[in-house]
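Throughout, protein chains are lettered first and strands after them, A, B, ... in sequence-line order, and every chain is numbered starting at 1. Because the structure is a prediction, the values reported are computed rather than measured.
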Amino acid sequence: MGVKGVSAWRRNWRDYVIYLVFAGIFLFFAVFLHDKGFLSKNNLMNIARQTAMIAIMAVGMTFVLSAAEIDLSMGGIVALSALVGALTLRYTDSVPCAAAAGLAMGVAVGGLNGFFVAKVGIPSFLVTLGMTGIVTGVARWISRLQSVPINNDVFTWVFGSGNIGPVPILFVWTVAVAAAGSLGLRRTQFGRETLATGGNKIAALYSGVKVNRIKFCVMLLNGVIAALAGILYSGRLQGARYTLGENDVMLVVAAVIIGGTSLFGGKGTVVGSIVGALIMGMVNNGLILMGLSVDQQMIFRGVIIILSVTLTMGKRTG
Amino acid sequence: MTTSGENDTGKRIPAIEAAGINIGFNGVPVLHDVDFTLEEGEVHALVGMNGAGKSTLVKILNGFYRKDSGSVRVFGKQQDYDSPQGANRAGIAMVYQDLSLAPSLTVAQNIYLMRPFRSGLLLDDRRAAREALALFDRMGIEPIDPHARVEEVSPGQAQLVEIAKALSLDAKILILDEPTASLSNVEIGILFATVERLKKGGISIVYITHYLKDVFRICDRVTILRDGQHILTSQVADLTLDEMIDRMLGGESREGAAWTRHRAAPDDKPLLEARDIATDGVEHASFTIYPGQIVGLAGLLGSGRTEITRAIYGLDRLRAGEILVAGKPVAIRDSRTALNNGISLVPEDRRRQGLVLDFSIADNMVLPILRRLSGLVFIDRGRSAEVVRRYFDHLDVKATDPGQQVRLLSGGNQQKVVVGKFLACEPSILLLDDPTFGIDIHAKRAIMRIVKDFAAQGNGVLFISSELHEIAAFCDVVHVVRRRRLEEGMRNDGLTEDDLLAMVQ
């Protein structure tokens, strides 16, 4: 039994190494950036706020990668939904209408992605690569490359800028999406069938799983989550712009992979993805506090991503 | 009867002379002191039951496995290669059963994949095409368009391309592994003509097959293996089909007798009826399964037996015919419809089709029944654990607990998980596609016991097995499947393995 316990730990330690990485980086910054206020309440709140959107998107991407698909158009959907929401708000001044319009963009684009992946059978990498161009182009076009400001206090409070007591509302959104995603992936038929589809599509098919429907649904779901992230961006920044989310996709994918989800499907946890997103946010914040230039930040971020992924999914020895 | 030792000319140097070959895997001996001699310019059949050691022997000759002891001489020269490339250099090329061609490359590109023609830095596809046509001419076949992609040509042509690829390596010795398994009768005729022609051209051929009648058609000599031992080598003309079957079976191997069951008489309405169904893989198949009945499909690999289960399970589209469940016609569009109609399939390839290897035993077992186990939103973990525990114990899965990853289980225990998973669907009809293939005797017994109990409860079973003695011992009605056709069912009144082996040829 003792031997078995050890070997089981050896097999599974990579599932937990993400938490060690998180703790390690946190401690490092806590010690070396103590003078610069890394641990101050304000700074920690900042990290939480900056991480929120990446974390929310990471929840959707966890489902997508678990099904052995990918969605590169997430950043584009973020921008388009934010703009559509902001423009709707400008013309209707109705918060529900604006939110619904933004989310509808996510449904439409995610649904199109899903249609081409599941019904037409084109690899999601290509579909969403093409979709990125379309969505980004539309976002630039309808906004004429201008920002669309949002002056509606209710909207900005609900979607990003408000606080409930001491708790930033973004934090509430993140926790809600993460909790729903985590339960959804682990404890529902849809989540389990998503993992089965990614793990072994053929075996899933033989087990009566409608794998094409699953693929359609994860792409759709991811579109909706991207749209929500876009709306939250616009609420927090009190305006929308076509550049929102444009560099987020790779950060999101990195966060999810660092969190232990397999790029090839079948394995994934939402909690891991959230921790992965926190690592990305913390690193960003720490590098800025260290006073590094943007170039240096980019280099460091790249190094940290590779190191973290090496630890979580590098070749198993022995 | 001539044995390999008594070479009648005594002077000619054999193409291959393998002596005293031993090999084992994980301490289990697979070949024991096997001798094998291939004369130059002969077609030499290698036959035996599943697990007799045919594939292992040719994989040693082909350099894929390294023998533990023994010697291999090729054209008189001692050889000690340990890779297929080494075997190629010695003049041996293998034509694989599961074709080793790249579907998206052209015929000519495939043939010269390993030794492409170059002009400068670039590959010369036009020269390759010319050389390919020359090769086809040498093989005496209708030329296959060298620019066609392999995915566009027929299975028979692909098989010929595979042979051309082997010949392009200047092989003097070809090993053909079940070359007719996926071919139509016309294509088989062309293949045999090619084999004849190559023989006349001085090529020596080792021919592995389950189709014993083919041995009589094109082979000069035959070597029979059984349980990893060399049983006999003889001129084909000196043997009859029955003698060959006797020597393959060895007159024992009657372990199936232990499984013989009391057979139910057909009563009531049929549970499942297939009326003249046809798909792309099978023609005019009709059969009926009554409650309590086990119906066997006896056929060789590639005979169309798997395609029949695929048709019933909704994986292949029906082109004709209809399927009735409990007397009512049903349109089975996909596996979900099949499961909802009480039909489960234990597929042929448990690792690829049966299991999500990264999932635990428990998660695999409940995968098809998540809907049933779910409340409004969530999977009911209590009920789920209950179901898992029931089948885990019932099938006696050897594992620490149901949370263990199935990847880590032995083949037999993985198969138990697959069977458990499809029993958990509570079907009334169970389709079993070679469920005992490649698993140990204990797991076999456990699975057969479960199937027997399942039928005894008034359910129906369609049973396919590569082990014909299992079908003989186990099934109430047996249909022979041959070359994609299903023959009329026969009551099993004392059918034996020998009978079936003769019938499936």
Side-chain angles (χ1 to χ4, degrees), chain A residues 1-12 14-15 65-68 118-119 179-215 217 260-269 313 316, chain B residues 309-310 313-315 333-341 343-360 362-381 384 399-401 403-408 418 421-422 424-425 427 431 433:
Chain A
M1 193 60 222
V3 177
K4 255 180 195 141
V6 169
S7 69
W9 192 81
R10 265 205 192 149
R11 272 199 317 273
N12 297 329
R14 280 170 195 279
D15 294 348
L65 292 185
S66 293
K119 303 286 172 210
S182 181
L183 285 172
L185 189 61
R186 286 184 303 119
R187 300 268 313 272
T188 69
Q189 180 185 4
F190 171 67
R192 194 70 67 74
E193 292 189 350
T194 298
L195 286 164
T197 300
N200 184 346
K201 194 175 89 174
I202 294 172
L205 190 70
Y206 274 78
S207 302
V209 174
K210 300 193 166 174
V211 296
N212 284 333
R213 183 185 290 179
I214 294 287
K215 286 182 177 182
C217 289
T261 296
S262 165
L263 192 49
F264 310 107
K267 272 164 90 173
T269 70
M313 60 178 293
R316 278 137 214 260
Chain B
T309 63
R310 289 181 59 89
Y313 199 57
L315 294 168
R333 296 181 311 276
D334 53 24
S335 51
R336 178 44 60 192
T337 331
L339 287 165
N340 290 346
N341 277 292
I343 303 171
S344 271
L345 167 66
V346 173
E348 191 178 18
D349 184 340
R350 62 180 165 268
R351 293 174 68 86
R352 207 170 69 84
Q353 301 162 335
L355 296 168
V356 182
L357 293 172
D358 283 333
F359 272 24
S360 66
D363 287 351
N364 268 293
M365 276 190 178
V366 298
L367 184 56
I369 53 167
L370 290 173
R371 163 72 38 88
R372 206 179 83 206
L373 293 176
S374 292
L376 222 52
V377 180
F378 294 115
I379 298 166
D380 185 331
R381 287 189 288 187
S384 172
T400 47
D401 65 282
Q404 202 175 346
Q405 224 184 29
V406 292
R407 189 187 290 284
L408 308 171
V418 179
K421 161 170 134 172
F422 287 107
C425 301
L431 315 173
D433 192 355

Discussion item. Please check this pair: side chain of A/N200 against backbone of B/Q353, looking for a donor-acceptor N/O pair closer than 3.5 Å.
Written reply: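 Not at all, since once roles are kept as given, no pair shorter than 3.5 Å links the two residues.
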Worksheet item: Is the side chain of B/S335 donor-acceptor paired with the backbone N or O of A/L205 at a distance under 3.5 Å, no angle test?
Response: yes
Worksheet item: Are side-chain heavy atoms of B/L315 and A/Y206 found at a separation under 4.5 Å?
Response: yes
Checking [X] against chain A: side chain, backbone, both or neither under 4.5 Å from a heavy atom?
X	value
B/F378	both
B/L345	side chain
B/R372	neither
B/R381	side chain
B/V366	side chain

Fill in: Largest heavy-atom contact set with chain B, pairs under 4.5 Å, which of A/K210, A/Q189, A/E193
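So the answer, after comparing A/K210, A/Q189, A/E193, is A/Q189.
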Discussion item. With chain B as the partner, which of A/G266, A/A196, A/G199, A/G198 has the greatest number of non-hydrogen pairs under 4.5 Å?
Written reply: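 Of the candidates given, the most pairs with chain B belong to A/A196.
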Worksheet item: Does CZ in B/R407 sit with more than 12 non-hydrogen atoms of other residues, nucleotides or ligands closer than 6.0 Å?
Response: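 More than 12 heavy atoms, drawn from other residues, nucleotides or ligands, come within 6.0 Å of this atom.
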Worksheet entry | Atom CZ of A/R187 with >12 non-hydrogen neighbours under 6.0 angstrom | yes
Worksheet item: What residue in B/D349, B/D334, B/D358, B/D363 has the most heavy-atom pairs under 4.5 Å with chain A?
Response: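 Maximum pair count with chain A is reached by B/D363.
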Worksheet item: B/K421 and A/A203: which non-hydrogen atoms are nearest, and at how many Å?
Response: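 Nearest heavy atoms, B/K421 then A/A203: NZ-O, 4.3 Å.
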Worksheet entry | Nearest-0.5 Å distance, OG of residue B/S374 to CZ of residue A/R192 | 8.5 Å
